[in-house]
Every structure is written in structure tokens, then in C-alpha cells.
Amino acid sequence: METGSARAGGRRNTPGSGRGSTAETGTRFDREHCVRAVQSKDARFDGWFFTAVLTTRIYCRPSCPVVPPKPENMTFYPSAAACQQAGFRACKRCRPDTSPGSPEWNQRADLVARAMRLIADGVVDREGVPGLAARLGYSTRQVERQLLAELGAGPLALARAQRAQTARLLIETTPLPMAEIAFAAGFSSIRTFNDTVREIFALTPSELRARLPRTSAPAAPGTLVLRLPFRAPLNPGNLFGHLAATAVPGVEEWRDGAYRRTLRLPYGHAIVALAPRPDHIACRLTLSDLRDLTVAISRCRRMLDLDADPVAVDDRLRADPLLAPLVDRAPGRRVPRTVDEAEFAVRAVLGQQVSTAAARTHAARLVTAHGKPLDDPEGGLTHLFPSSEALAAVDPETLAMPRTRRTTFAGLVGQLADGTLHLGPESDWTEARTRLLALPGFGPWTVDVIAMRALGDPDAFLPTDLGVRRAAQELGLPATPAALTARAEIWRPWRAYAVQYLWATDSHPINFLPGQGPCKENQ
């Protein structure tokens, strides 16, 4: 919490009272837990809640490095937007706007969680609150009421806080003129941009830029160098190993210690390079349209599962004495996910009953024939993965795969293209599973791997997977699907993470950073 004083502004709350306090918004932390987390500067709770200091009118992350305020001067909010609405400004020391997102939105599939995933994906800025509500299948009033009840802020305030964070990022990492930054961050006018930045950060945009030493200019127009935070621990082996080992040529590659891939975004396309570091993920992002910055960051974070709560996951899995040694050996495993749910569903079909290498070959042929070409300054990436519409126009008879799988492929891309089936951050996991199971050729394994890696269900489980069954047998766990599913009840709601630990018992390349083997996993 930054030192010094600030004038009180906006609505004043007392500890434990007010619409935004954690005691009233349904989060799992009460006031006593929040105070203890702040006093111990526990970074595990960054993003779970925010501390607002009544005397300074500043809000912070729990791990703020300065001396904690007196408990009677603290009040707590479940979102930065709620702090801002109550008249608090962001701390200049701990920068609460840059903390990892709440794990809640990645482990739930209710209305609030789905709405938060869509807001992070920029839907409110592109389609407004009515567009958000329409995607969720609720009225605007219902969406606003539930977000206010749980987060202390409505969709417009939450989107405004996100715009402010994007603006700050652009101000501090690019030499762009302020007018271009305002437009790229989603503000409707320069005046609104200036007023919002000054209100939230207590500095003008020019003052924000002047506070930091200037870094080197971007390597190319539209290129940004960012740091993506995460909650420790993070084991990069299975995360980047899986993405690299299954990379589709032309769309993805591992180069110079970084996973690179192309992204299709609402306003254009991008190329991203992501590299693991001890305390962050290094991100180099080249955008064809800067308005896609927020969406690109959100999708990269989702792909790398950076908003997970690894301590909660690992603590639950350690309760099983047969899993505990795996967790202790390499804690912090994440679920490798995707930047495009429809793309992953197609790739899951291509990978049915074939090797990783064969699945990559099938996907690469589709990319070459039907993907949109693009230029990569580094030369390794050539295409965007084909859109559902492009794939729906493919003659299934031209695909080098069994007839039954061609039927499965055609059924999937046809429904994705015409909107009968929609896979996205707003998807209801139960409904999506039901629709997928109704498609020809879709069994439990395919549906669950899509639920786990595309939809982000942390409890998705693969009891019929050969690697999972082999690992279970080696560990002394039940090996038959029914018995293993029964035993896995004690792993809920984190069975998708248990799958990662079970897979890690194998020497398959998906479990290790490229160039590293089992003996180097923890180095």
C-alpha cells in the first residue's frame, strides 16, 4: 500500500460493511481471513480480493509490500471495479490492477463466472451489456443484478476497470500517442480516457508514462513485450511440453525457448511468443490491430491456466496418499488449454485413435489447404487455423482418415459453422457436453478432453484414457474406468489436474520442456 495520504473521495465504507465487502458478496473468505492474508502479505490471495484503506482511499493487493494498515482501517472488495466505484484509487506500489485474475471464474460455470470470462474477452466493449446478456441467455437486468451481488460492480464498471488496466499497460510499454492508446484500450473519447486514468491511478496518462524509465522501442509496429503474472508454484514442464509436442506446423512452434502461435482475434490477428520465467510468463505479442490487446492477453492467460490456484489444487490431491508423491515431486502443474475452443474441438476429432504425430499431420494438411496465410517476421508461422466456416466447406471425401471420422468431422464443423453448437468462454459446460455427445462419433473421451482443455472444466476426467489407466495401475490405483472414476471422487473438483499428474508418470514429450528429459524436469 503506497505511503502518503490522499483525499477521501466517493462513497465511504466501514470495515465489513457496504455492498462490496467480502462478507456480503459470497466469496469464501471472511473478514478475519482477509486481515490475516494482508498482515502476512500472502501473494496466494492476490486477485481473490482487494484491500481498500479507509484513511488513504487507496486499494491494494493482499501482498502489498509496505506496512499493512490497522485492521480497523481495512475493508475488502471482490473486484478492482468495486474498489473504484467506492472511490478508492489503485496503489502505486503493488499495482493491484496487474494481479492474477480470480481463480473463481475458471472453476465455475454459473452465470457470474461465464459473464466474467466474457467481459475478460472484451464482449462488453464490442457488443455492450445487451450483447453480453444475449450470449448468456439472460436479461440485462438479471446479469447486472447477479454481478452486483457477488462482485459489487456491474458489467459496465467491470469493463471500465479492464479498459483502464489495458490503457496503463499501453502507456507504460509502448511509445504510442495517447490518442491511439485511448482508442486501442476501448475508450469512446480522449476525455473519458484522461478522466478514467486520472481517477483510478491519481496520475494523468503523461505522468504515468513519465514515472517509469523508457524501455527500448518495440521490434516492430504493434509489438508489445509484457509480463503475465501467475500464482506460484507453476511447473512449466507439462504446460509448455504439451503445447510444443502437439503443435500444428504453420500455426504453432517452439523456438528459442518460447512457444509461438498465431491467433484469430475480433479485429484482426496476432502472433504471440510465450516463455516461462521463474516469477512470470514472458509474452511478446504482435497485433495487427491494437484493439485486440485485451482479448489476446485474456486468451493467452486462459491457454496457460495462469489464474489457477495451485495451492488449493495440490492440497486436495495430496490428500490421496497415492497421488501425494507425484504432487510433491513437481507441484504446480497446470492444465494446458487453448486460445480457440472451436479449433481445439476440431483437433480433438483429428486426434481420435491416432498418435500425436499423426494428429499433427492431419491438422497441418487442413491448415495448408484452408487456413488464412499471414506473414511472420521470424519465418516459422504461416497460417491462422482454418475457421469453422472454411472447414464446413471442405469435402469430407478429400480427408485422409477413416470414413467414420470424416462423418464425425463434418458433423462437428457443420454445427460450429451454423451456430447450432457454440463453444466459447460463455459455454455452459453441462449443455456443451450434451450437445457434443449427440454428435456422431463423439464418445466420453472426446467430450471430456474438450471439456478439460477447451471449455476449461477443472473437474473433467478421462478414466478411459490409456495413459491415465496405465499410470493408475503403476501407482496402485484402480485401473478400470468405473473403479477409477469412483476413486477419483476424492479428487473433486480438480480431477483435470489429477490427469496432468497421472500423465506425468510417462516419458512422453508432452510432459517436458523441449530439449529436457525426465531428469531435468525440476531444474
Side-chain angles (χ1 to χ4, degrees), residues 28 103-104 106-110 113 231 233-235 237-239 241-242 245-246 305 308-337 344 348 351-353 356 428-434 436-437 442-512 518 521-522:
R28 68 179 187 176
E104 287 282 342
N106 286 345
Q107 69 188 54
R108 291 164 42 185
D110 56 21
R231 291 178 184 83
L234 180 142
N235 187 314
N238 78 301
L239 181 57
H242 207 125
T246 60
D305 198 15
D309 183 353
V311 174
V313 172
D314 290 352
D315 283 351
R316 173 58 62 88
L317 299 183
R318 278 194 186 96
D320 187 325
L322 295 182
L323 278 188
L326 299 182
V327 177
D328 291 336
R329 188 181 308 144
R333 292 191 183 276
R334 299 301 207 271
V335 178
R337 291 181 176 148
F344 185 84
Q352 287 178 332
Q353 299 178 343
T356 300
D428 179 283
W429 297 337
T430 301
E431 180 183 347
R433 286 172 184 271
T434 300
L436 287 169
L437 281 170
F442 273 75
W445 183 91
T446 305
V447 171
D448 281 323
V449 80
I450 292 172
M452 179 174 70
R453 295 197 55 203
L455 301 180
D457 182 354
D459 202 39
F461 191 48
L462 305 175
T464 63
D465 182 84
L466 181 60
V468 169
R469 294 178 64 187
R470 184 185 296 125
Q473 188 170 18
E474 291 177 0
L475 292 172
L477 291 163
T480 64
L484 184 58
T485 299
R487 173 58 180 268
E489 283 295 311
I490 64 174
W491 304 340
R492 286 183 178 271
W494 309 118
R495 294 183 302 175
Y497 294 87
V499 169
Q500 309 309 311
Y501 283 104
L502 292 171
W503 275 342
T505 62
D506 195 3
S507 59
H508 194 285
I510 65 168
N511 292 311
F512 312 105
E521 180 184 11
N522 296 320

Checklist entry - How are the rings of H242 and W503 set to each other: parallel, tilted or perpendicular (split at 30° and 60°)? => result tilted
Checklist entry - Would you call D328-R318 a salt bridge at under 4.0 Å N-O? => result yes
Checklist entry - How long is the span from the CZ atom in R453 to the OG1 atom in T246, to the nearest 0.5 Å? => result 5.5 Å
Next on the checklist: Please report the interatomic distance CG(D320) to CD1(I490), rounded to the nearest 0.5 Å.
Outcome noted: 4.0 Å
Checklist entry - Going from CZ on R469 to CG on L462, what distance comes out if it is rounded to the nearest 0.5 angstrom? => result 12.5 Å
Item to check | Heavy-atom closest pair, residues P478 and A472 | outcome: O-CB, 3.5 Å
Checklist entry - Does the pair L436 and T446 meet the rule for a side chain to side chain contact (heavy atoms under 4.5 Å, CB included), with working shown? => result CA-CA 9 Å; L436 287 169; T446 305; over 6 Å; no
Checklist entry - How close do Q500 and P336 get, heavy atom to heavy atom, and via which atoms? => result OE1-CD, 3.4 Å
Next on the checklist: Tell me which one of D314, N235, N238 satisfies side chain to side chain donor-acceptor pair (under 3.5 Å) with Y501.
Outcome noted: D314
Checklist entry - If you look at every heavy atom in R334 and P233, which pair is closest and at what distance? => result NH1-O, 2.7 Å
Item to check | Where V335 and D305 come nearest, the two heavy atoms and their spacing | outcome: N-OD2, 3.2 Å
Item to check | For the student: nearest non-hydrogen atoms of A454 and F344, plus distance | outcome: CB-CD2, 3.9 Å
Item to check | Audit row: D465, V499, side chain to side chain contact (heavy atoms under 4.5 Å, CB included) steps and yes/no | outcome: CA-CA 9 Å; D465 182 84; V499 169; over 6 Å; no
Next on the checklist: Could you report the tightest heavy-atom contact between Y497 and R333, atom names first, then the distance?
Outcome noted: CD2-O, 3.5 Å
Next on the checklist: Could you measure the distance from the CH2 atom of W491 to the CG atom of L502? Nearest 0.5 Å is fine.
Outcome noted: 5.0 Å
Checklist entry - What do you reckon, is CD of E474 surrounded by more than 12 foreign heavy atoms closer than 6.0 Å? => result yes
Checklist entry - So R433 and D448, salt bridge (charged side-chain N to carboxylate O under 4.0 Å, His left out) or not? Walk me through it. => result CA-CA 8 Å; R433 286 172 184 271; D448 281 323; 2.4 Å; yes
Next on the checklist: Is it the case that over 12 heavy atoms from other parts of the model lie below 6.0 angstrom from the CD atom of Q353?
Outcome noted: no
Next on the checklist: So, taking the atom named CG in L466 and the one named CH2 in W445, what distance separates them when rounded to the nearest 0.5 Å?
Outcome noted: 11.0 Å
Checklist entry - If you measure from CZ on R495 to CE on M452, what distance do you get to the nearest 0.5 Å? => result 11.5 Å
